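Below is one structure, written out as structure tokens; comments come after it.
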There are 2 protein chains.
Amino acid sequence: MLSLRRSTLKYLQVRDYLRTLVLSELRTGDPVPSERMLCERFGVSRMTVRQAVDALVVEGVLERVQGRGTFVAPPKVDLQVRLASFTEEMTRRGMTAGVKVLSAGFAPAEHDIAEALKVAPGENLIHLHRLRLADDEPMAVEHTWLPAGRLPGFLDGAVPASVYVELDARGLIPDWGEDTIDAGEADHEEAKLLHIKPGKPVLRISRRAFTGDSAIEYSRSAFRSDRYTLWVPVARPNPSVVPRRRSVAPDATT
Amino acid sequence: MLSLRRSTLKYLQVRDYLRTLVLSELRTGDPVPSERMLCERFGVSRMTVRQAVDALVVEGVLERVQGRGTFVAPPKVDLQVRLASFTEEMTRRGMTAGVKVLSAGFAPAEHDIAEALKVAPGENLIHLHRLRLADDEPMAVEHTWLPAGRLPGFLDGAVPASVYVELDARGLIPDWGEDTIDAGEADHEEAKLLHIKPGKPVLRISRRAFTGDSAIEYSRSAFRSDRYTLWVPVARPNPSVVPRRRSVAPDATT
DNA sequence: GGTAGGAACTGGTCTAGATGACTTGACCAG
DNA sequence: CTGGTCAAGTCATCTAGACCAGTTCCTACC
């Protein structure tokens, strides 16, 4: 009945064996055992071994070369843009992230915010206004809105150190999102907070983050353009991976 | 010898049949013919059909449900940022792309350009200076550099209408790249070309595009921030698709 | 020495079955 | 109407071979 097989599946055994091998002993370019060797070692058929290898090839861990063998693939630049928190992002750049909470409380959803979060206008939202610091210098001013209804007790006690940590604790870590990016001029408040002159250019990033189908966070940030450069890896669609699916034109028609 | 097989491979026939079916007749959620049906229809074995279906499942075109069948997957937002040309990008937004070539010629590589293209300083480069138009209004000013040595005859005759078309013709279509994005102030030349005031914010995008290991294009663009907003889909790493290379434990060992 | 050929390896494709697990719907008993 | 059983259909996994197509390397011949 219950079938509590976990790794009793043979191809998973082989796959995980190979993964471990790659992670521990082998280096980029090293060959992994041939498919027929693996058949013998695990006492399985060739098709089963191929299933295991296929999975790792799709993942980009291995590369096959006909007539030569299968090899550990070079670590690729991760072409998927990641949904990182400010703290993660600054850590990645070798800077120390800091934050100063300017205000935290509840607010009814304005029209544009409501639309972004896909909630009814006027719905109760958590609103955070924060100054982001990197190495103790102002980096960005950020407004964040979250649906209060889905986050009971969010503002009880101290203001959460990190929104993402708090979301994680509730199992609401976003799995996808979208950023819209443009350039703007710092207004007086932003300029004061960022220690720049009003009218100087700032990089404005609006982020919507989703957990499954529902928006869980909307934020608007203004980054000092003299300190912050966004880096975006870009991919061509994998040639073996086909036409664009029914177009889906998401965007910001300006 | 030459084996100019195109779709003589059986699983590709089945795969492409299914793909066509999905693109033309079926809609999201519709079932595709069962594996056994496909075996009969194409006169192939089950494994072959599975290979075809597997490919489409990996691509996200189909979804399998054990016991029920295989179905057309809902169209997903494409979380891979695409390396689109300006023309593609504007077309996607429903605007008409135009271009005005301000200058085209050869120039030795300056240090920073050389570094970006990974060539020796002073190496001969093709340099294009162009004004990008959208619906006949100035949208961006762009400088583009390409290694002249890899593109013989590139500037012979008329200036190419599109760099990407020209690269395509030589089999040098970039397969990946990276953008760096920040905000800046329009200088006098940019301001004049873009019909904005000097000092107004512009979105600066530097792009390096690679074909395989070698950089094939480097460009710097300044977009009018009042007309252009960049939209970037963002993903969390797919949980089913593996740990970051050389770190984490694979899966749910429980 | 150089080269043509071939053996022995690699992955790539394919067959014709087998068993198991899951879903659905029909049917029947309460 | 409810709940249980059962059969038929689906995908999931797997086997034990087959032949094809590249790569490598050694050998025998020129």
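Model, not experiment: these values are computed from the prediction.
Contact of A:Arg46 with C:dG12 (side chain to base): a donor-acceptor pair of N or O atoms is detected under 3.5 Å.
At least one side-chain nitrogen or oxygen of B:Thr48 sits closer than 4.0 Å to the OP1 or OP2 atom of C:dT15. At least one side-chain nitrogen or oxygen of B:Thr70 sits closer than 4.0 Å to the OP1 or OP2 atom of D:dC11. Listed pair A:Arg50 / C:dG12 meets the phosphate criterion, a side-chain N or O lying under 4.0 Å from OP1 or OP2. The phosphate of D:dT23 has neither OP1 nor OP2 within less than 4.0 Å of any side-chain N or O from A:Gln66.
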### Intermediate values then yes/no, salt bridge (charged side-chain N to carboxylate O under 4.0 Å, His left out), B:Glu35 and B:Arg64
CA-CA 11 Å; B:Glu35 297 183 355; B:Arg64 291 196 219 254; 2.6 Å; yes
### Message
Please evaluate residues A:Arg36 and A:Glu40 with respect to the criterion salt bridge (charged side-chain N to carboxylate O under 4.0 Å, His left out), reporting the C-alpha separation (whole Å), side-chain torsions for both, the decisive distance (0.1 Å), and the verdict.
### Response
CA-CA 7 Å; A:Arg36 288 173 176 83; A:Glu40 263 192 63; over 6 Å; no
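With contacts defined as side-chain heavy-atom distances shorter than 4.5 Å, the pair A:Leu146/A:Glu166 does not qualify. Between B:Phe210 and B:Lys118, the closest side-chain pair of non-hydrogen atoms falls below 4.5 Å.
The aromatic rings of B:His127 and B:Trp145 lie parallel to each other, their planes meeting at an angle below 30°, with 60° marking the opposite boundary.
Salt bridge status for B:Glu89 with B:Arg93: present, with a side-chain N to carboxylate O gap under 4.0 Å.
The interatomic distance linking A:Phe42 (CZ) with D:dA16 (P) rounds to 16 Å, in whole Å. Spacing between atom CD of A:Gln51 and atom C1' of C:dG12 amounts to 16 Å, rounded to whole angstrom units. With rounding to whole Å, B:Tyr11 atom OH is found 8 Å from C:dC14 atom P. One atom, CE of A:Met37, and another, P of C:dA8, lie 18 Å apart when rounded to the nearest Å. With rounding to whole Å, B:Met47 atom CE is found 16 Å from C:dA18 atom P. For the pair A:Gln13 CD and D:dT13 C1', the computed distance is 13 Å after rounding to whole Å. Note: CZ (B:Phe71) to C1' (D:dT10) measures 9 Å, nearest angstrom. The nearest whole Å value for the distance from the CD atom in B:Glu40 to the C1' atom in C:dT15 is 16 Å.
In this structure, a donor-acceptor pair under 3.5 Å is absent between the side chains of A:Arg150 and A:Thr211.
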Report each atom pair, protein N/O against N/O of nucleotides 5-7 of chain C, whose distance is under 3.5 angstrom.
none

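Position along DNA chain C of the nearest nucleotide to A:Arg64 versus B:Arg68 favours A:Arg64 as the more 5'-ward residue. Checking B:Glu35 against A:Arg36, the closest nucleotide of DNA chain D that is more toward the 5' end is the one next to B:Glu35. If A:Ser45 and A:Val65 are placed on DNA chain D by their nearest nucleotide, the residue sitting closer to the 5' end is A:Ser45.
When heavy atoms are screened at a 4.0 angstrom cut-off, A:Val53 is found touching no nucleic acid atom at all.
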